[in-house]
Amino acid sequence: MSDQFVHLRVHSKVSVGASTLSVGSNPKIGVLKGIPELCKDNNMFACALTDTNMMSGCAELSDVMPANKLQPIIGVELSLNHHNADPKILRQSSLSKIVLLAKHHQGYLNLCELSYVMYMRQENHHLGPYITMEELEKYKDDLICLSGAHTGPLGMSILNKQTDLATDLAKRFLDIFGNNFYIEIQRHGLADEIKTEPVFLQIARDLNIPIVATNDVCFALPEDYESMDALSCVLGQTKVIDPDRPRKSCEQYFKSAEEMAEIFSDLPEAIENTVNIAKRCAFYVNVHEKPLLPRFGNDLETE
């Protein structure tokens with residue numbers, strides 16, 4: 001296995017409507033290639049799973065990757081309310097996305113805490129599951145944070161022509177995560193990526209923040225794009241011919257290490273940092289450990 005590049009932003013079918021990728025293979029139902037097979041085919045020793053606001057696939061990833069002598073990286077893509085405004089006046093589209101990766105066991109426990117916070121919130125249900133900056137700061141330990149590219153808080157601020165706000169947010173993330181914070185760069189050919197990248201690079205230089213390259217993987221192979229596109233139409237109740245509907249990029253497949261290195265040939269450090277991050281993550285769920293059950297006495301006391 002090469003140590004040239006590692007995918008750090010991968011969605012599976014757990015991200016309902018956002019991916020057709022399976023965590024593990026299952027020939028009985030026609031799934032011939034899961035994440036381990038794709039890693040081997042594309043010359044990678046590790047891979048992160050970062051489903052949107054869900055960690056349901058982490059146990060399966062922790063099972064199938066070590067079985068194939070590969071390293072699983074436990075992560076999640078979280079919806080973040082990075083605004084100071086009253087949440088009651090916000091819309092779901094105003095939430096940004098960040099990626100969190102567990103370095104060790106404590107990081108995994110903090111991901112679980114953040115997931116609990118998201119789904120047990122007693123108010124602002126119109127926004128769906130989300131976390132706040134304060135909650136992120138509370139459960140920051142042992143986590144690596146990727147900025148979310150153009151869909152992250154920095155990217156959304158830049159697209160709203162609030163570059164100063166993007167810089168201030170970068171400083172806050174740097175205060176929270178220190179050297180565990182990376183500015184994420186994506187190149188799927190989207191207009192928003194092209195607009196935000198120069199500002200990302202400037203902020204990274206000014207604040208001495210490392211950059212990292214990701215491909216927002218949602219399907220296995222280029223030929224899977226049409227089925228992914230059709231699925232998003234079904235769940236979004238739109239038509240394939242609708243020119244105004246949201247679309248995935250045809251570039252969001254599981255690219256090889258060589259493809260990613262070529263795409264980011266002008267930013268080799270962004271590729272190298274994927275491997276550096278992978279080497280800093282050393283935890284996976286022990287799915288073979290016996291569950292801890294409560295102990296009961298032999299006799300029941302009765303009044």
Side-chain angles (χ1 to χ4, degrees), residues 8-9 48 50 52-53 75-103 107 110-111 113-115 117-118 121 124 127-188 190-214 216 267 269-270 273-274 277 280:
L8 298 176
R9 189 170 180 143
T50 58
T52 305
N53 296 330
V76 64
E77 179 192 74
L78 289 178
S79 298
L80 174 68
N81 177 10
H82 62 277
H83 305 280
N84 293 323
D86 185 343
K88 292 182 175 60
I89 66 173
L90 297 176
R91 296 184 179 181
Q92 196 169 29
S93 59
S94 65
L95 299 180
S96 56
K97 303 287 188 184
I98 59 169
V99 171
L100 296 179
L101 306 172
K103 293 170 64 178
N110 281 332
L111 289 183
E113 288 288 350
L114 288 168
S115 296
V117 167
M118 278 196 305
R121 197 178 303 282
N124 302 316
L127 293 176
Y130 70 91
I131 61 170
T132 65
M133 292 294 290
E134 292 73 24
E135 290 160 351
L136 187 63
E137 187 166 12
K138 182 177 179 180
Y139 297 109
K140 65 181 180 180
D141 290 345
D142 209 30
L143 292 174
I144 289 174
C145 178
L146 312 187
S147 68
H150 66 284
T151 62
L154 278 63
M156 290 182 67
S157 299
I158 295 166
L159 293 171
N160 289 329
K161 299 181 179 179
Q162 297 175 300
T163 304
D164 290 342
L165 175 59
T167 301
D168 290 342
L169 284 167
K171 290 177 180 177
R172 185 166 183 190
F173 276 100
L174 199 56
D175 287 341
I176 294 172
F177 290 100
N179 65 357
N180 291 323
F181 177 59
Y182 292 77
I183 289 183
E184 187 178 0
I185 310 291
Q186 294 180 349
R187 290 180 173 175
H188 305 102
L190 302 177
D192 286 348
E193 295 172 346
I194 297 170
K195 290 177 185 176
T196 54
E197 181 176 315
V199 187
F200 285 155
L201 295 177
Q202 186 62 52
I203 292 174
R205 284 192 293 267
D206 291 345
L207 301 180
N208 196 27
I209 301 173
I211 60 174
V212 63
T214 67
D216 192 14
L267 296 174
E269 68 272 27
N273 279 334
T274 67
I277 289 172
R280 297 176 67 193

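The distance from atom NZ of Lys161 to atom NZ of Lys195, rounded to the nearest 0.5 Å, is 8.5 Å. Here CG of Leu80 is found 11.0 Å from OG1 of Thr151. Values are rounded to the nearest 0.5 Å.
The nearest pair of heavy atoms linking Leu111 to Gly75 is CD1-CA, 4.2 Å. Closest non-hydrogen pair, Cys145 versus Ile98, comes out as SG-CD1, 4.3 Å. Shown here for Leu95 and Leu127, the closest heavy-atom pair between the two residues is CD1-O, 3.4 Å. Closest of all the heavy-atom pairs between Met133 and Ile176 is CE-CD1, 4.2 Å. Minimum interatomic distance between Ile211 and Ala204 (heavy atoms only, all atoms of both residues): CG2-CB, 3.7 Å. Closest heavy-atom contact between Ala213 and Thr274: O-CG2, 3.2 Å.
Between Lys103 and Asn110 there is no side-chain heavy-atom pair separated by less than 4.5 Å. Between Ile277 and Leu101 the shortest side-chain heavy-atom distance falls below 4.5 Å. Counting heavy atoms from C-beta on, the side chains of Leu100 and Ile144 never come closer than 4.5 Å. Within the 4.5 Å cutoff, the side chain of Leu201 has heavy atoms near those of the Ile185 side chain.
For residues 147-179, the ring pair (Phe, Tyr, Trp, His ring centres under 6.0 Å) pairs, not counting sequence neighbours, are Phe173-Phe181. Sorted by first and then second residue, the side-chain hydrogen bond (donor to acceptor under 3.5 Å, both in side chains) pairs with a member in residues 79-94 read Asn53-Ser79, Ser79-Lys97, His82-Ser96; sequence neighbours excluded. Residue pairs meeting the salt bridge (Lys or Arg N to Asp or Glu O under 4.0 Å) criterion with at least one member in residues 174-184, sequence neighbours excluded, are Arg9-Glu184. Within the structure, the side-chain hydrogen bond (donor to acceptor under 3.5 Å, both in side chains) test picks out the following pairs touching residues 137-149 (sequence neighbours left out): His104-Asp142.
Residues that satisfy the side chain to side chain contact (heavy atoms under 4.5 Å, CB included) test with Ala170, not counting sequence neighbours, are Leu154, Ile203, Leu207, Ile209. Taking the salt bridge (charged side-chain N to carboxylate O under 4.0 Å, His left out) definition, one finds that Glu135 meets it with Arg121, sequence neighbours left out.
When each of Ile183, Val212, Thr50 is checked for a side chain to side chain contact (heavy atoms under 4.5 Å, CB included) with Leu146, only Val212 meets the rule. The side chain to side chain contact (heavy atoms under 4.5 Å, CB included) with Leu190 is formed by just one residue from the set Arg187, Glu193, Gln186; it is Glu193.
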Run the side-chain contact (heavy atoms from CB on, under 4.5 Å) test on Leu136 and Leu143 for me, step by step, so that the C-alpha distance in whole Å, both residues' side-chain angles and the decisive distance to 0.1 Å come before the verdict. CA-CA 10 Å; Leu136 187 63; Leu143 292 174; 5.7 Å; no
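For the residue pair Asn273/Glu269, the side-chain donor-acceptor check at 3.5 Å is not satisfied.
A donor-acceptor pair under 3.5 Å links the side-chain atoms of Thr167 to the main chain of Thr163, judged by distance alone.
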